[in-house]
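Here the structure is laid out as structure tokens; the discussion comes afterwards.
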2 protein chains.
Amino acid sequence: MKARVHVTLKNGVLDPQGKAIEKTLGNLGFSGVGDVRQGKVIELDLEETDAAKAEAAVKDMCEQLLANTVIENYTIELDAA
Amino acid sequence: MKARVHVTLKNGVLDPQGKAIEKTLGNLGFSGVGDVRQGKVIELDLEETDAAKAEAAVKDMCEQLLANTVIENYTIELDAA
């Protein structure tokens, strides 16, 4: 089973990478671009085939390693394929 | 319109961040985790309301700034909400 984890900064947390992208897009002539936020996406290949167990395991991984839950949110998507 | 761009390393390109996560998950006691890849996700707020024009603009942004197309793939998701 494949899992995809999105880790994004919480609203209100300053995102300097996003701001840099926003400014550079403006400099490159792209107009009409508002707020830009940059996050991480982590793709995991899991041996687990049970969706509920896989989700619980990935949630543990997020809490312990993948996300800094003080300033970051995470979402988990599972793909049985 | 909101756009979400995923930028991931192409297959075959070494992903040291992914490998570091994989190894650390093993050290933390998570077993059954195979290949781990880390990518970026960039969320953009666009003023453009036409989906086709928005997609074309975001594609240009990816080619010019957001992705290094030599080693990275990108996918674009648009969300009209």
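Quick note: numbers below take in every heavy atom, side chains included, and nothing from hydrogens, waters or symmetry partners. Model, not experiment: these values are computed from the prediction. In what follows, every chain begins at residue 1, and chains take the letters A, B, ... in the order their sequences are listed.
- Here CG of A:Leu44 is found 6.5 Å from CG of B:Leu25. Values are rounded to the nearest 0.5 Å.
- The NE2 atom of A:His6 sits 8.0 Å away from atom CD of B:Glu43, with the distance rounded to the nearest 0.5 Å.
- B:Val41 and B:Leu78 fall into different hydrophobic clusters, where Ile, Leu, Val, Met, Phe, Trp and Tyr are joined by side-chain heavy atoms under 4.5 Å apart, directly or via other members.
- Neither the backbone nor the side chain of A:Ser31 comes within contact range of chain B; no heavy atom of the residue lies under 4.5 Å from a heavy atom of that chain.
- Inspection of non-hydrogen atoms places B:Asp45, B:Leu46, B:Glu47 of residues 45-56 of chain B under 4.5 Å from chain A.
- Remark: A:Glu77 CD is packed, more than 12 non-hydrogen atoms of other residues, nucleotides or ligands lying under 6.0 Å away.
- Residues B:Ile76 and A:Val36 fall within the same hydrophobic cluster, defined by Ile, Leu, Val, Met, Phe, Trp and Tyr side chains chained together at heavy-atom separations under 4.5 Å.
- When hydrophobic clusters are built by joining Ile, Leu, Val, Met, Phe, Trp and Tyr residues whose side-chain heavy atoms come closer than 4.5 Å, directly or via intermediates, B:Ile71 is not grouped with B:Val7.
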Pair up each side-chain donor or acceptor in residues 59-69 of chain B with any protein partner under 3.5 Å, not counting sequence neighbours, and list the distances.
| residue | atom | partner | partner atom | Å |
| --- | --- | --- | --- | --- |
| B:Glu63 | OE2 | B:Tyr74 | OH | 2.5 |
| B:Asn68 | OD1 | B:Val70 | N | 3.1 |

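- The closest side-chain heavy-atom distance from A:Lys40 to B:Lys40 is not below 4.5 Å.
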